[in-house]
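What follows is a single structure, written as C-alpha cells, with notes after it.
Just so you know, these numbers use all the heavy atoms, side chains as well, and skip hydrogens, waters and symmetry mates. First the proteins, then the strands, lettered A, B, ... as listed; each starts at 1.
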Amino acid sequence: MSSFDEMDAFEGASLSARAMAARSMQYLDELNPAQREAVEHLDGPVLMLAGAGTGKTKALTARIAHLLNTGRARPNEILSVTFTNKAAREMKTRVGRLLGQPAEGMPWLGTFHSICVKLLRRHAELVNLKSNFTILDSDDQLRLLKQLVQAANIDDKRWPARMLAGVIDDWKNRALTPDKVPAADAGAYNNKGVELYAQYQTRLRELNTVDFGDLLLHMVTIFQTHQDVLEQYQRWFRYILVDEYQDTNVAQYLWLRLLAGAHKNVCCVGDDDQSIYGWRGAEVGNILRFEKDFPGAFVVRLEQNYRSTPHILAAASNVIRGNENRLGKELWTDAEGGHKVKLIGHWDGEEEARWIGEEIDALVSGTSRLAHGRKNVRSVSSEQESERRSKSEYNALKQLNLQENLGTSNLPEDQKEEIRNKFELDEIAILVRASHQMRAFEDRFLTIGLPYKVIGGPRFYERMEIRDAMAYFRLVVSPEDDLAFERIVNTPKRGLGDKAQQTIQMTARENGVSLVDGARIVVEQGLIKGKGGAALRQLIEGLARWNAMTRGPRIEVEDDSVIDDGAAPMRFGAPEHTHIELAQIILDESGYTTHWQNDKTPEAPGRLENLKELVNQLDNFENLQGFLEHVSLVMDNEKESDGAKVSIMTLHAAKGLEFPAIFLPGWEDGLFPSQRSMDESGIKGLEEERRLAYVGITRAEEVCTISFAANRRVFGQWQNSMPSRFIDELPEDHVEVLTPPGLYGGGQTSAGIETRAAEANVYNSPGWRRLQARQGQYGMSQPKETRNTVIDATALASFTLGERVFHQKFGYGGVIGIEGDKVEVDFDKAGTKKVVARFLSAKDDVPF
DNA sequence: ATGAACTTCTTTTTT
DNA sequence: AGAAGTTCAT
C-alpha cells in the first residue's frame with residue numbers, strides 16, 4: 001500500500017484550492033443565521049441538528065464549498081458520507097452546481113458502503129481477502145447459510161437460515177467478529193450461532209467474498225489492528241461530513257470515530273426525530289451522545305422549515321411530542337395560510353384506495369376540496385421543489401400558461417380558481433407503512449388508468465432474470481464464484497438435477513477446487529452420462545470461452561498508489577469484443593435468451609425486455625467487473641420517467657423527499673403503529689413508529705391527508721381495526737375531519753349482515769368514538785343511524801379442542817382448552833397462552 | 001429430472 | 001390472496 005508521502009505527492013490534483021478561492025462566497029448570503037453558523041464553523045466537531053425541511057442539504061453542500069473556498073481542504077481530502085445512493089447523487093449534483101463544475105473531483109463523497117469498498121479493495125490482504133473480492137447479495141448469503149445449517153445437521157424448519165442471517169447481520173452491525181461476540185449472545189440460534197458465524201466467515205474468505213456487513217466490519221478491523229493504515233487515512237481525510245447521523249449503527253460509528261479520532265474535524269448532520277432504522281441496527285444513541293463523544297462540540301439547530309404549511313408543521317410537532325427521548329427541536333415557518341391536515345375514515349382498504357384515487361383525479365383537475373386556494377401557499381415551496389419544477393419543461397410551460405390565464409385572459413373567476421388549484425401527478429405521493437398496502441392502490445389505479453410508479457418496489461436488479469444473467473456474468477468474470485455457479489448450472493434446464501449437482505460438489509471438494517473446475521473434471525472423466533453430461537460440457541466450454549473474451553493481453557501496471565483513485569492496479573489490453581457484445585454473447589450462447597423466448601408465461605416478454613435493458617445499462621460502464629460492482633452497491637434503479645406519475649412508496653423510502661400533496665393511508669393500530677414493532681421493541685418500537693409518522697407528515701408541503709379503514713384483508717382474511725393511536729395525537733385545531741362516504745347508511749359499501757357486525761365492532765371502539773366526538777365539534781353531521789347492537793362475529797365463533805387457529809400476535813397454534821370466552825392455545829412459536837376467543841380466528845374460517 | 005398439485009406461512013421497514 | 005416450498009406422479 002502507498003505511503004503517506006506518495007499521497008501528499010498528489011497535491012496538485014483536480015480542483016486546485018486557488019481556483020476555488022477565486023470563486024465568490026455568494027452561497028453564504030443565501031443561508032439563514034443557523035445554517036450560516038453551521039457552515040462557517042469549520043474546525044472541530046460540529047453537530048448539526050436539522051429538522052425536516054430545514055435546508056440541511058443546502059447547509060451541507062455550502063459547507064463543502066466553504067471548506068474548499070477557504071483552502072482548508074482539497075476536494076479529495078473531504079470524506080463525505082451518506083446512507084443512500086440517492087442522497088449521494090443529490091449531494092454530488094448540488095456541490096457541482098455550487099462550484100460551477102461537475103463534482104468529479106470529490107472521490108470520497110458516497111455511501112458508507114461504496115466508500116468502504118474502495119478502501120477495502122486497497123487493503124483486502126489485511127483481512128485475508130484478494131482485492132478483487134466480490135460482494136454477496138442477500139440471496140447468495142442465504143443460500144450459503146442454508147448449506148452451513150444443513151451441514152451442521154440442524155433442523156432448518158425450527159431454526160431457519162433466515163434467522164441465522166438476522167443474528168449475524170446484527171452482530172456485524174455491532175462490529176462484532178465471531179471471536180468478539182459477547183457471552184450474553186451465546187444462546188443465539190440454538191447455541192450454534194457463534195460457531196456458524198465463524199464458519200460462515202471462513203467460507204466467505206474461501207470464496208473471496210464479502211457480504212454487506214463485512215464492508216464496514218472489515219474496515220473497522222483493519223483500522224483497529226493496523227495503526228499505520230488508520231493514521232494514513234486520518235491524515236488524508238482532513239474533514240469529515242456525515243449525513244443522517246441518527247441512522248448510523250455501531251460499526252459505522254466506530255469507523256467514523258477512528259477516522260475522526262486525530263483531528264476531530266467531523267460534522268455530523270442528523271435529526272433524532274427521523275431515526276427510523278433502529279430495526280436495522282441504527283443507534284439513536286449515537287446522535288444523542290455526540291457531545292460526550294466529542295467534547296466541546298459545536299451544536300447548532302436548524303429549525304426554520306421551508307417546506308410545509310403551519311398546519312402541517314403543527315400536526316407533525318404535536319405527534320412527535322409524544323416521544324420521551326429527544327434532543328428537542330421545534331420547527332417553525334414564516335409561511336401563512338394553507339390547509340389543515342385532512343382526516344378521513346373508510347369502510348375498508350379498497351374503499352380507501354378508491355377514494356384516494358378519486359381525490360387524486362380531483363387534485364389534478366383542480367376541483368379537489370382538499371386544496372382550495374392553493375396559490376396562497378405557493379410561496380412556501382422549498383428549494384427542492386422549485387428545482388424539481390424548473391427541471392420539468394412541461395411544468396414551466398404550465399406555469400407560464402397559468403400566469404397568462406390569470407392575468408390577461410377573460411376566464412370566469414371559477415375557472416381561474418380551478419387552474420390555480422391544479423396539481424401535477426408527480427406532485428402527489430402515497431406513503432404506506434408496509435409494502436403490502438401498495439397492492440390496493442396499484443389495483444385501483446390500474447383500473448381507473450391513473451399513472452403511478454412504485455418507488456423502491458421490486459427492484460430491477462432483484463428480478464429473477466436479472467440475477468440469473470448477472471450470475472452468468474459473475475461466473476465469467478470470476479470462475480471461482482461457486483454461488484453464481486450453483487445458481488445457473490441448471491438454468492436454463494440442462495437436465496442437471498440434485499444428483500448431478502452433488503457429483504459436481506463432491507468432485508470439487510475432493511480436488512479442492514472451485515465448482516467450475518470440479519465440473520470440468522466431471523466432464524473430463526465422464527462422471528455424468530447422457531444429456532446432462534453433454535449439456536454440462538457445453539456450459540463449461542462456454543464459460544472458458546467467454547472468460548477468455550473478457551480480456552486481451554494482460555498488462556501489468558506498476559502500483560499506482562494514488563489514494564483517491566479506486567481502480568485496481570491490474571489492467572488488461574483491449575479485448576476483441578466490447579463488454580456489451582460479450583454480455584449478449586453470453587446470454588445467447590448459454591441458451592438463457594432462448595429459455596425465455598420459449599417460455600409461454602405472460603411475464604416472459606417483460607423478462608426479455610428487462611434483459612435487453614440490462615445489456616443497455618452496460619453502456620455506462622467500462623467493463624463487466626465495474627458493472628457488477630456498481631450493481632451490488634447501487635441496487636436502486638432510476639426508471640426512465642415518461643410523463644408525470646403519482647408516487648407510491650413506503651414511509652421509509654420517503655425520507656428525504658417532499659411532495660406538495662401527500663396521502664397517508666392505513667393509520668390503524670396494528671398496522672401503523674405496527675404490531676410487530678411494538679411487540680418486539682415495546683416503547684422503543686412505538687417511539688420509532690411515531691417518528692415514522694412524523695417523517696410521513698413532514699413530507700407534505702401543502703396538503704396532507706391521513707386516512708384509515710375499519711376493515712382490511714390481512715393474510716387473505718378480513719380483520720377489523722381501530723384508528724391509529726397517532727390519530728389521537730393530531731392537534732384538533734390543525735385537523736379537519738372529512739365525512740367518510742358511505743357513512744350515511746347507504747352507499748356501495750354496506751353489504752348485509754356482515755357489515756353490521758363489523759360496524760358495531762368498530763363504531764364502539766374508543767378510537768371511533770373519539771373521531772365522532774371530533775366530528776361533532778367540527779359541526780359535521782352524525783351518521784343517521786347509530787348502531788349499538790353488538791354483534792361481534794368473531795366472538796361468536798366457537799372453537800373445538802385440537803382445532804388449528806390463528807392469532808394476530810402469537811401466530812398459529814392448536815386449541816388445547818376452552819373456558820367460556822377464553823381459549824387455551826398451544827402456539828407453534830409463542831408457547832401456551834390463554835387468550836380471548838375473539839382474538840382468534842379458525843385457520844380456514846373467514847370471520848365474517 | 002421435471003412439472004403439477006398440495007402445503008405452509010407470510011407482512012414491516014433496506015444499505 | 002399469493003409466494004414459496006414440499007410432495008408426488010410422470
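- Note: CG (Asp170(A)) to C1' (dT14(B)) measures 15 Å, nearest angstrom.
- Protein atom NZ of Lys529(A) is 14 Å distant from nucleotide atom P of dA1(B), rounded to whole Å.
- When the options Gln719(A), Glu352(A), Gln437(A) are evaluated for a side-chain hydrogen bond (donor to acceptor under 3.5 Å, both in side chains) with Arg712(A), the one that passes is Glu352(A).
- As rounded to the nearest Å, dT13(B) and dA4(C) have P atoms that lie 14 Å from one another.
- By the 4.0 Å N-to-carboxylate-O rule, Glu244(A) lies close enough to Lys56(A) to be salt-bridged with it.
- Put simply, CG on Leu692(A) is 10 Å from P on dT14(B), counting in whole angstrom units.
- Close to dT14(B), at under 4.0 Å from its OP1 or OP2, lies a side-chain N or O of Thr650(A).
- Applying the side-chain contact (heavy atoms from CB on, under 4.5 Å) rule to His436(A) yields the partners Ala434(A), Leu671(A); only residues at least two apart in sequence or on another chain are considered.
- Within a 6.0 Å radius of CG in Asp155(A), more than 12 heavy atoms belonging to other residues, nucleotides or ligands are found.
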Write out a two-atom table: protein N or O, nucleotide N or O from nucleotides 2-4 of chain B, distance below 3.5 Å.
unit_1	atom_1	unit_2	atom_2	d
dT2(B)	OP1	Gly495(A)	N	3.1
dT2(B)	OP2	Asn490(A)	ND2	3.1

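- By the 6.0 Å and 45° rule, Arg699(A) does not stack over the aromatic ring of Phe659(A).
- Under a 4.0 Å N-O distance rule, the pair Arg467(A)/Asp137(A) qualifies as a salt bridge.
- In this structure, Lys172(A) atom NZ and dT14(B) atom P are separated by 21 Å, rounded to whole Å.
- Mapping Lys157(A) and Ala434(A) onto DNA chain B via the closest heavy atom, the residue that lands nearer the 5' end is Lys157(A).
- Taking every side-chain heavy atom of Arg439(A) into account, dG2(C) is the closest of dG2(C), dT15(B), dT13(B).
- One finds no side-chain N or O of Ser677(A) lying less than 4.0 angstrom from the OP1 or OP2 phosphate oxygen of dT13(B).
- With respect to the salt-bridge test (charged N to carboxylate O, under 4.0 angstrom), the residues Asp443(A) and Arg439(A) do not qualify.
- Taking the nucleotide of DNA chain B with the nearest heavy atom to each of His436(A) and Ala653(A), the more 5' of the two is matched to His436(A).
- Under a cut-off of 6.0 angstrom, the local environment of CZ in Arg162(A) is sparse, with at most 12 non-hydrogen atoms contributed by other residues, nucleotides or ligands.
- Per the stacking criterion (ring centres < 5.5 Å, plane angle < 30°), Tyr277(A) does not stack onto the base of dT13(B).
- Whole-Å rounding puts the Leu217(A) CG to dT15(B) C1' distance at 15 Å.
- In Gln147(A), the CD atom is crowded: over 12 heavy atoms of neighbouring residues, nucleotides or ligands sit closer than 6.0 Å.
- The minimum heavy-atom distance between Val432(A) and Phe441(A), with the atom names listed, is CG1-CE1, 4.3 Å.
- Rounded to whole Å, atom C1' of dT15(B) lies 10 Å from atom CG of Asp169(A).
- What separates CG of Leu120(A) from P of dT15(B) is a distance of 20 Å, to the nearest Å.
- In this structure, Phe715(A) does not count as stacked on the base of dC9(B) under the 5.5 Å centre distance and 30° plane angle limits.
- Within residues 246-257 of chain A, no residue places a heavy atom under 4.0 Å from DNA chain B.
- dG2(C) atom C1' lies 17 Å from atom CE of Met438(A), rounded to whole Å.
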